[in-house]
Amino acid sequence: MSPAPTSETPPLRLNIVGCGKLGTTIARLLADSGLVSLGGLYSRNRENAHKTLQFCAGGSVCNTLDALPRADLWLLSVPDDAIHSLAGQLAQLFPDWRGTTVFHCSGIHTAMLLAPLKQQGASTASLHPVHSFADPQQSLSTFAGTSCTLEGDIDSQQRLSALFSTIGARIIAIDGSSKALYHTATAMASNYLVSLMDMSLGLLEASGIAPQAAKELLAPLVMQTASNIFAKGPQKALTGPIVRGDRDTVATHLDALGQHSPELLAVYRELALVTLALAQQARPEAGDLHAEIGKLLSCTPRSLS
Ligand SMILES: NC(=O)c1ccc[n+]([C@@H]2O[C@H](COP(=O)([O-])OP(=O)(O)OC[C@H]3O[C@@H](n4cnc5c(N)ncnc54)[C@H](OP(=O)(O)O)[C@@H]3O)[C@@H](O)[C@H]2O)c1
(Lines give C-alpha, C1' and ligand atoms only; values in the text may rest on other atoms or scores of the structure.)
Protein backbone atom coordinates (compact mmCIF):
# COMPACT_ATOMS: atom_id res chain seq x y z
CA MET A 1 0.00 0.00 0.00
CA SER A 2 1.35 3.51 -0.86
CA PRO A 3 2.14 5.46 2.31
CA ALA A 4 0.19 8.68 2.84
CA PRO A 5 2.67 11.59 2.74
CA THR A 6 3.42 13.60 5.86
CA SER A 7 5.83 16.45 6.57
CA GLU A 8 8.22 13.76 7.90
CA THR A 9 8.37 11.76 4.64
CA PRO A 10 10.44 12.88 1.61
CA PRO A 11 8.36 14.73 -1.00
CA LEU A 12 6.56 12.60 -3.56
CA ARG A 13 7.55 13.21 -7.15
CA LEU A 14 4.68 14.36 -9.36
CA ASN A 15 4.55 14.22 -13.16
CA ILE A 16 2.01 16.42 -14.94
CA VAL A 17 0.69 15.31 -18.32
CA GLY A 18 -1.45 18.08 -19.85
CA CYS A 19 -0.25 21.55 -18.85
CA GLY A 20 -3.53 23.44 -18.95
CA LYS A 21 -5.40 25.43 -16.34
CA LEU A 22 -6.09 22.71 -13.79
CA GLY A 23 -2.78 20.85 -14.20
CA THR A 24 -0.75 24.04 -13.79
CA THR A 25 -2.68 25.17 -10.71
CA ILE A 26 -2.65 21.81 -8.94
CA ALA A 27 1.06 21.39 -9.70
CA ARG A 28 1.84 24.74 -8.05
CA LEU A 29 -0.43 24.19 -5.04
CA LEU A 30 0.99 20.73 -4.33
CA ALA A 31 4.59 21.87 -4.87
CA ASP A 32 4.06 24.84 -2.54
CA SER A 33 2.81 22.45 0.17
CA GLY A 34 6.29 20.90 0.31
CA LEU A 35 4.83 17.37 0.21
CA VAL A 36 5.43 17.10 -3.53
CA SER A 37 8.36 17.87 -5.81
CA LEU A 38 7.63 18.41 -9.47
CA GLY A 39 9.07 15.87 -11.91
CA GLY A 40 8.29 15.90 -15.62
CA LEU A 41 5.92 18.36 -17.30
CA TYR A 42 4.49 17.25 -20.64
CA SER A 43 2.07 18.92 -23.00
CA ARG A 44 1.82 18.37 -26.75
CA ASN A 45 2.59 22.06 -27.23
CA ARG A 46 5.93 22.58 -25.51
CA GLU A 47 5.07 26.24 -24.82
CA ASN A 48 2.34 25.14 -22.41
CA ALA A 49 4.77 22.97 -20.42
CA HIS A 50 7.22 25.89 -20.27
CA LYS A 51 4.47 28.17 -18.92
CA THR A 52 3.72 25.61 -16.19
CA LEU A 53 7.41 25.39 -15.36
CA GLN A 54 7.62 29.19 -15.03
CA PHE A 55 4.44 29.39 -12.95
CA CYS A 56 5.60 26.64 -10.58
CA ALA A 57 9.33 27.48 -10.63
CA GLY A 58 9.97 23.72 -10.65
CA GLY A 59 9.85 20.52 -12.68
CA SER A 60 11.45 19.86 -16.06
CA VAL A 61 9.85 20.10 -19.47
CA CYS A 62 9.75 16.80 -21.36
CA ASN A 63 9.46 17.05 -25.14
CA THR A 64 8.01 13.58 -25.56
CA LEU A 65 5.91 11.30 -23.37
CA ASP A 66 8.65 8.67 -23.22
CA ALA A 67 11.03 11.25 -21.74
CA LEU A 68 8.94 11.54 -18.56
CA PRO A 69 10.91 10.44 -15.48
CA ARG A 70 9.81 7.88 -12.90
CA ALA A 71 7.38 9.41 -10.41
CA ASP A 72 5.23 8.49 -7.42
CA LEU A 73 2.24 10.49 -8.66
CA TRP A 74 0.97 11.10 -12.16
CA LEU A 75 -1.75 13.65 -12.88
CA LEU A 76 -3.32 13.22 -16.32
CA SER A 77 -4.82 16.71 -16.63
CA VAL A 78 -5.85 16.50 -20.27
CA PRO A 79 -9.40 17.01 -21.60
CA ASP A 80 -11.78 14.26 -20.46
CA ASP A 81 -12.00 12.70 -23.91
CA ALA A 82 -8.21 12.28 -24.10
CA ILE A 83 -7.66 10.58 -20.72
CA HIS A 84 -8.29 6.96 -21.71
CA SER A 85 -6.17 6.98 -24.86
CA LEU A 86 -3.38 8.79 -23.00
CA ALA A 87 -3.47 6.08 -20.30
CA GLY A 88 -3.15 3.49 -23.09
CA GLN A 89 -0.18 5.32 -24.61
CA LEU A 90 1.60 5.55 -21.25
CA ALA A 91 0.96 1.86 -20.56
CA GLN A 92 2.66 0.99 -23.85
CA LEU A 93 5.63 3.25 -23.17
CA PHE A 94 6.32 2.19 -19.56
CA PRO A 95 5.68 -1.45 -18.57
CA ASP A 96 5.91 -1.25 -14.76
CA TRP A 97 3.56 1.03 -12.80
CA ARG A 98 3.82 -0.65 -9.39
CA GLY A 99 4.06 1.84 -6.51
CA THR A 100 2.62 4.72 -8.51
CA THR A 101 -0.63 6.63 -8.04
CA VAL A 102 -2.17 7.82 -11.29
CA PHE A 103 -5.20 10.11 -11.18
CA HIS A 104 -7.32 12.40 -13.30
CA CYS A 105 -9.66 15.23 -12.31
CA SER A 106 -12.68 14.67 -14.53
CA GLY A 107 -16.01 15.25 -12.81
CA ILE A 108 -17.93 12.72 -14.85
CA HIS A 109 -15.48 9.86 -15.40
CA THR A 110 -14.18 7.36 -12.87
CA ALA A 111 -10.76 5.83 -12.35
CA MET A 112 -11.85 3.12 -14.82
CA LEU A 113 -10.46 5.35 -17.58
CA LEU A 114 -7.02 4.54 -16.19
CA ALA A 115 -7.52 0.75 -16.46
CA PRO A 116 -4.57 0.25 -18.88
CA LEU A 117 -2.23 1.57 -16.16
CA LYS A 118 -3.96 -0.29 -13.34
CA GLN A 119 -3.46 -3.51 -15.27
CA GLN A 120 0.27 -2.78 -15.13
CA GLY A 121 0.36 -2.18 -11.39
CA ALA A 122 -0.70 1.44 -10.91
CA SER A 123 -3.07 2.44 -8.17
CA THR A 124 -5.66 4.73 -9.76
CA ALA A 125 -8.20 7.35 -8.70
CA SER A 126 -10.32 10.22 -9.91
CA LEU A 127 -10.38 13.41 -7.86
CA HIS A 128 -12.76 16.17 -8.96
CA PRO A 129 -12.29 19.64 -7.49
CA VAL A 130 -15.55 21.60 -7.55
CA HIS A 131 -13.71 24.75 -8.54
CA SER A 132 -13.44 26.87 -11.68
CA PHE A 133 -9.76 27.00 -12.68
CA ALA A 134 -10.26 29.91 -15.07
CA ASP A 135 -7.21 31.79 -13.79
CA PRO A 136 -4.39 29.77 -12.14
CA GLN A 137 -3.00 32.80 -10.28
CA GLN A 138 -6.40 33.57 -8.77
CA SER A 139 -7.04 29.91 -7.90
CA LEU A 140 -3.93 29.87 -5.71
CA SER A 141 -5.73 32.05 -3.19
CA THR A 142 -9.27 30.69 -3.69
CA PHE A 143 -8.64 26.92 -3.81
CA ALA A 144 -8.63 26.38 -0.02
CA GLY A 145 -12.09 25.21 1.04
CA THR A 146 -12.83 23.58 -2.34
CA SER A 147 -14.75 20.30 -2.11
CA CYS A 148 -13.07 17.48 -4.03
CA THR A 149 -14.90 14.23 -4.70
CA LEU A 150 -12.66 11.20 -4.66
CA GLU A 151 -13.05 7.58 -5.77
CA GLY A 152 -10.74 4.81 -6.85
CA ASP A 153 -8.27 2.39 -5.27
CA ILE A 154 -8.05 2.67 -1.49
CA ASP A 155 -4.33 3.39 -1.30
CA SER A 156 -4.63 6.15 -3.92
CA GLN A 157 -7.55 7.59 -2.03
CA GLN A 158 -5.47 7.69 1.16
CA ARG A 159 -2.49 9.29 -0.58
CA LEU A 160 -4.54 11.91 -2.44
CA SER A 161 -6.76 12.63 0.53
CA ALA A 162 -3.70 13.44 2.68
CA LEU A 163 -2.11 15.59 -0.03
CA PHE A 164 -5.18 17.54 -1.04
CA SER A 165 -6.27 18.09 2.57
CA THR A 166 -2.91 19.80 3.08
CA ILE A 167 -3.75 22.35 0.38
CA GLY A 168 -7.16 23.03 1.92
CA ALA A 169 -9.43 20.65 -0.02
CA ARG A 170 -12.52 19.16 1.63
CA ILE A 171 -12.45 15.54 0.53
CA ILE A 172 -15.79 13.81 -0.13
CA ALA A 173 -15.75 10.10 -0.98
CA ILE A 174 -18.05 9.25 -3.89
CA ASP A 175 -19.17 5.96 -5.40
CA GLY A 176 -17.96 5.76 -8.99
CA SER A 177 -21.40 4.64 -10.16
CA SER A 178 -22.85 7.98 -8.94
CA LYS A 179 -20.45 10.27 -10.77
CA ALA A 180 -22.70 10.90 -13.78
CA LEU A 181 -25.56 12.03 -11.54
CA TYR A 182 -23.21 14.01 -9.30
CA HIS A 183 -21.70 15.84 -12.27
CA THR A 184 -25.15 16.55 -13.68
CA ALA A 185 -26.03 18.22 -10.37
CA THR A 186 -22.97 20.47 -10.31
CA ALA A 187 -23.35 21.37 -14.00
CA MET A 188 -27.04 22.24 -13.48
CA ALA A 189 -26.26 24.51 -10.52
CA SER A 190 -23.41 26.32 -12.21
CA ASN A 191 -24.29 26.37 -15.91
CA TYR A 192 -28.05 26.80 -15.69
CA LEU A 193 -27.70 29.63 -13.21
CA VAL A 194 -25.73 31.39 -15.93
CA SER A 195 -28.44 30.66 -18.52
CA LEU A 196 -31.18 31.81 -16.15
CA MET A 197 -29.36 35.08 -15.44
CA ASP A 198 -28.84 35.61 -19.17
CA MET A 199 -32.59 35.19 -19.79
CA SER A 200 -33.46 37.47 -16.90
CA LEU A 201 -31.02 40.21 -17.95
CA GLY A 202 -32.43 40.03 -21.48
CA LEU A 203 -35.99 40.50 -20.21
CA LEU A 204 -34.93 43.43 -18.02
CA GLU A 205 -33.32 45.11 -21.02
CA ALA A 206 -36.45 44.41 -23.10
CA SER A 207 -38.43 46.17 -20.37
CA GLY A 208 -36.29 49.29 -20.91
CA ILE A 209 -33.69 49.00 -18.14
CA ALA A 210 -30.13 49.78 -19.27
CA PRO A 211 -27.68 46.82 -19.23
CA GLN A 212 -25.53 48.10 -16.34
CA ALA A 213 -28.58 49.05 -14.28
CA ALA A 214 -30.05 45.60 -14.99
CA LYS A 215 -26.94 43.92 -13.53
CA GLU A 216 -26.99 46.21 -10.49
CA LEU A 217 -30.67 45.46 -9.98
CA LEU A 218 -30.26 41.70 -10.21
CA ALA A 219 -26.97 41.15 -8.36
CA PRO A 220 -28.19 41.85 -4.78
CA LEU A 221 -31.40 39.87 -5.38
CA VAL A 222 -29.48 36.83 -6.61
CA MET A 223 -26.80 37.06 -3.91
CA GLN A 224 -29.46 37.37 -1.20
CA THR A 225 -31.40 34.41 -2.60
CA ALA A 226 -28.24 32.27 -2.80
CA SER A 227 -27.35 33.19 0.75
CA ASN A 228 -30.87 32.24 1.95
CA ILE A 229 -30.78 28.90 0.09
CA PHE A 230 -27.53 27.84 1.76
CA ALA A 231 -28.45 29.21 5.19
CA LYS A 232 -32.08 28.04 5.44
CA GLY A 233 -32.63 25.50 2.62
CA PRO A 234 -34.64 25.86 -0.63
CA GLN A 235 -38.13 25.65 0.96
CA LYS A 236 -37.54 28.56 3.34
CA ALA A 237 -35.65 30.56 0.70
CA LEU A 238 -38.60 30.45 -1.71
CA THR A 239 -40.49 33.74 -2.05
CA GLY A 240 -42.64 35.23 -4.84
CA PRO A 241 -46.02 34.74 -6.49
CA ILE A 242 -46.04 30.94 -6.75
CA VAL A 243 -45.42 30.21 -3.07
CA ARG A 244 -47.82 33.05 -2.08
CA GLY A 245 -50.49 31.58 -4.36
CA ASP A 246 -50.89 34.70 -6.53
CA ARG A 247 -52.44 33.03 -9.56
CA ASP A 248 -53.18 36.28 -11.43
CA THR A 249 -49.58 37.42 -11.18
CA VAL A 250 -48.40 34.15 -12.72
CA ALA A 251 -51.03 34.56 -15.48
CA THR A 252 -49.69 38.07 -16.18
CA HIS A 253 -46.13 36.71 -16.43
CA LEU A 254 -47.30 34.15 -18.97
CA ASP A 255 -49.09 36.84 -21.01
CA ALA A 256 -46.07 39.15 -20.96
CA LEU A 257 -43.75 36.35 -22.10
CA GLY A 258 -46.24 35.26 -24.75
CA GLN A 259 -46.19 38.78 -26.21
CA HIS A 260 -42.53 39.68 -25.87
CA SER A 261 -40.46 36.49 -25.59
CA PRO A 262 -42.56 33.45 -26.51
CA GLU A 263 -39.40 31.37 -26.85
CA LEU A 264 -39.05 31.56 -23.05
CA LEU A 265 -42.55 30.28 -22.27
CA ALA A 266 -41.46 26.63 -22.17
CA VAL A 267 -38.63 27.21 -19.69
CA TYR A 268 -40.84 29.48 -17.52
CA ARG A 269 -43.56 26.84 -17.42
CA GLU A 270 -41.25 23.93 -16.59
CA LEU A 271 -39.51 25.88 -13.82
CA ALA A 272 -42.86 27.11 -12.51
CA LEU A 273 -44.01 23.48 -12.15
CA VAL A 274 -40.84 22.61 -10.19
CA THR A 275 -41.33 25.76 -8.07
CA LEU A 276 -44.96 24.84 -7.46
CA ALA A 277 -43.97 21.44 -6.06
CA LEU A 278 -41.52 23.17 -3.71
CA ALA A 279 -44.16 25.76 -2.77
CA GLN A 280 -46.65 23.00 -1.85
CA GLN A 281 -44.11 21.58 0.61
CA ALA A 282 -43.15 25.01 1.93
CA ARG A 283 -46.71 26.27 2.49
CA PRO A 284 -49.19 23.36 2.56
CA GLU A 285 -51.93 25.64 3.98
CA ALA A 286 -52.04 27.44 0.60
CA GLY A 287 -53.09 24.20 -1.12
CA ASP A 288 -56.19 25.63 -2.88
CA LEU A 289 -54.30 28.61 -4.27
CA HIS A 290 -51.48 26.35 -5.46
CA ALA A 291 -54.01 24.07 -7.15
CA GLU A 292 -55.30 27.08 -9.16
CA ILE A 293 -51.77 27.84 -10.31
CA GLY A 294 -51.31 24.17 -11.22
CA LYS A 295 -54.44 24.35 -13.45
CA LEU A 296 -53.19 27.53 -15.12
CA LEU A 297 -49.78 25.99 -15.86
CA SER A 298 -51.23 22.73 -17.13
CA CYS A 299 -53.31 24.53 -19.75
CA THR A 300 -50.42 26.82 -20.75
CA PRO A 301 -48.92 25.79 -24.08
CA ARG A 302 -45.18 24.91 -23.93
CA SER A 303 -44.75 27.57 -26.62
CA LEU A 304 -46.93 29.67 -28.91
CA SER A 305 -45.38 28.31 -32.11
N1 LIG B 1 -10.87 23.93 -15.63
C2 LIG B 1 -11.67 23.60 -14.62
O3 LIG B 1 -12.28 24.48 -14.04
C4 LIG B 1 -11.79 22.16 -14.17
C5 LIG B 1 -12.46 21.91 -12.97
C6 LIG B 1 -12.56 20.59 -12.51
C7 LIG B 1 -12.02 19.56 -13.27
N8 LIG B 1 -11.38 19.84 -14.46
C9 LIG B 1 -10.82 18.70 -15.21
O10 LIG B 1 -9.42 18.91 -15.39
C11 LIG B 1 -8.97 18.31 -16.61
C12 LIG B 1 -8.22 19.35 -17.42
O13 LIG B 1 -9.10 20.45 -17.68
P14 LIG B 1 -8.52 21.92 -17.97
O15 LIG B 1 -9.67 22.84 -17.81
O16 LIG B 1 -7.26 22.16 -17.24
O17 LIG B 1 -8.22 21.80 -19.53
P18 LIG B 1 -7.24 22.69 -20.39
O19 LIG B 1 -6.97 24.00 -19.75
O20 LIG B 1 -7.77 22.66 -21.78
O21 LIG B 1 -5.90 21.86 -20.33
C22 LIG B 1 -5.75 20.59 -20.89
C23 LIG B 1 -4.33 20.51 -21.41
O24 LIG B 1 -4.08 19.21 -21.89
C25 LIG B 1 -3.24 19.27 -23.01
N26 LIG B 1 -3.60 18.14 -23.84
C27 LIG B 1 -4.70 17.98 -24.60
N28 LIG B 1 -4.70 16.74 -25.14
C29 LIG B 1 -3.56 16.14 -24.73
C30 LIG B 1 -2.99 14.89 -24.95
N31 LIG B 1 -3.58 13.97 -25.74
N32 LIG B 1 -1.80 14.59 -24.35
C33 LIG B 1 -1.20 15.50 -23.57
N34 LIG B 1 -1.69 16.74 -23.32
C35 LIG B 1 -2.86 17.03 -23.90
C36 LIG B 1 -3.52 20.62 -23.66
O37 LIG B 1 -2.33 21.25 -24.04
P38 LIG B 1 -1.54 20.83 -25.36
O39 LIG B 1 -2.37 21.25 -26.51
O40 LIG B 1 -0.26 21.57 -25.19
O41 LIG B 1 -1.31 19.36 -25.30
C42 LIG B 1 -4.09 21.50 -22.54
O43 LIG B 1 -3.20 22.48 -22.11
C44 LIG B 1 -10.23 17.75 -17.29
O45 LIG B 1 -10.35 16.39 -16.96
C46 LIG B 1 -11.36 18.54 -16.62
O47 LIG B 1 -12.59 17.83 -16.61
C48 LIG B 1 -11.24 21.11 -14.92
Side-chain angles (χ1 to χ4, degrees), residues 14-30 38-56 59-69 71 73-94 102-117 124-152 156 160 164 167-172 174 176 179-180 182-191 193-194:
L14 169 69
N15 282 348
I16 301 286
V17 186
C19 295
K21 293 189 166 72
L22 176 138
T24 300
T25 314
I26 295 296
R28 168 77 182 268
L29 285 165
L30 289 176
L38 292 181
L41 310 173
Y42 173 80
S43 224
R44 292 169 311 177
N45 176 351
R46 214 177 301 165
E47 280 300 300
N48 289 331
H50 277 287
K51 281 186 199 152
T52 302
L53 182 137
Q54 275 172 6
F55 186 69
C56 298
S60 57
V61 171
C62 299
N63 293 338
T64 53
L65 273 179
D66 62 2
L68 283 160
L73 295 165
W74 291 67
L75 169 55
L76 308 193
S77 41
V78 296
D80 290 2
D81 291 350
I83 295 170
H84 187 252
S85 68
L86 176 62
Q89 272 178 280
L90 288 169
Q92 282 191 342
L93 288 171
F94 304 108
V102 185
F103 68 109
H104 67 72
C105 290
S106 164
I108 194 149
H109 294 294
T110 69
M112 286 285 285
L113 283 190
L114 305 172
L117 298 168
T124 59
S126 71
L127 178 140
H128 178 238
V130 187
H131 184 94
S132 174
F133 291 88
D135 174 354
Q137 183 65 42
Q138 194 179 47
S139 286
L140 294 182
S141 55
T142 55
F143 182 81
T146 295
S147 294
C148 294
T149 49
L150 178 61
E151 64 80 41
S156 278
L160 294 174
F164 278 80
I167 58 172
R170 295 171 203 270
I171 300 293
I172 300 175
I174 188 165
K179 278 199 81 171
Y182 149 81
H183 191 256
T184 307
T186 56
M188 279 174 72
S190 161
N191 305 163
L193 180 62
V194 176

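Bear in mind the structure is a predicted one, so any value in this text is a computation, not a measurement. Every number for a ligand or one of its atoms is a count from 1 in the order of the listing.
Heavy atoms only, all atoms of each residue included: Thr110 and His104 are closest at O-NE2, 2.8 Å. Closest heavy-atom contact between Phe103 and Leu114: CA-CD1, 3.8 Å.
Interface of Ser77 with ligand 1, defined as ligand atoms under 4.0 Å from a residue heavy atom, comprises 12 (C), 22 (C), 23 (C), 24 (O). Under a 4.0 Å criterion applied to the non-hydrogen atoms of Cys105, ligand 1 contributes the atoms 7 (C), 8 (N), 9 (C). Atom numbering of ligand 1 starts at 1 in the shown order; those under 4.0 Å from a heavy atom of Pro79 are 22 (C), 24 (O), 26 (N), 27 (C), 28 (N). Close approach of ligand 1 to Phe133 is summarised as follows: ligand atoms under 4.0 Å from at least one heavy atom of the residue are 1 (N), 2 (C), 3 (O), 4 (C), 5 (C). Heavy-atom contacts of Ser132 reach the following atoms of ligand 1: 3 (O) (cutoff under 4.0 Å).
Contacts between His131 and ligand 1 below 4.0 angstrom, taking non-hydrogen atoms only, involve the backbone exclusively. Contact annotation: for Cys19 versus ligand 1, heavy atoms closer than 4.0 Å belong to the backbone alone. Both the backbone and the side chain of Asn45 come within 4.0 Å of ligand 1, counting heavy atoms alone.
With respect to atom 21 (O) of ligand 1, the closest heavy atom belonging to the protein is Gly20 CA, 3.2 Å. Among all protein heavy atoms, the one lying closest to atom 17 (O) of ligand 1 is Lys21 N, 4.7 Å. Of the protein's non-hydrogen atoms, the one nearest atom 16 (O) of ligand 1 is Leu22 N, 2.8 Å. The protein non-hydrogen atom at the shortest distance from atom 36 (C) of ligand 1 is Ser43 OG, 4.1 Å. Regarding atom 30 (C) of ligand 1, its nearest protein heavy-atom neighbour is Arg44 CD, 3.7 Å. Counting protein heavy atoms only, atom 35 (C) of ligand 1 is closest to Val78 CG1, 3.3 Å.
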One pair to check against side chain to side chain contact (heavy atoms under 4.5 Å, CB included): Ser106 and Leu113. What are the steps and the verdict?
CA-CA 10 Å; Ser106 164; Leu113 283 190; 5.5 Å; no
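Remark: ligand 1 and Gly23 share no N or O pair separated by less than 3.5 Å (distance only, no angle test). The N/O atoms of Tyr42, backbone and side chain alike, include none that comes under 3.5 Å of an N/O atom in ligand 1. The shortest N/O to N/O separation between Asp80 and ligand 1 falls below 3.5 Å. Polar contact with ligand 1: absent for Pro129 (N/O pair, distance under 3.5 Å).
With contacts defined as side-chain heavy-atom distances shorter than 4.5 Å, the pair Ile108/Lys179 does not qualify. Counting heavy atoms from C-beta outward, Phe143 and Pro129 have side chains that approach closer than 4.5 Å. Inter-residue side-chain proximity for Leu22 and Leu75 is flagged as met; some heavy-atom pair is nearer than 4.5 Å. Taking 4.5 Å as the limit, some side-chain heavy atom of Phe133 sits within range of a side-chain heavy atom of Ile26. Residues Gln89 and Pro116 have side chains not in contact (no heavy-atom distance under 4.5 Å, counting atoms from C-beta outward). Counting only heavy atoms from C-beta outward, the side chains of Leu76 and Leu90 approach each other to under 4.5 Å. The closest side-chain heavy-atom distance from Leu127 to Ile171 is below 4.5 Å. Contact of the Cys62 side chain with the Pro69 side chain is registered, since non-hydrogen atoms from C-beta on lie closer than 4.5 Å.
Under the 3.5 Å distance criterion, with hydrogens and angles disregarded, no donor-acceptor pair is assigned to the side chains of Ser139 and Lys21.
Taking a distance limit of 4.0 Å, we find that atom 45 (O) of ligand 1 is approached by some protein heavy atom.
If you check each of Ser139, Gly18, Gly107 against atom 24 (O) of ligand 1, the one with the closest non-hydrogen atom is Gly18.
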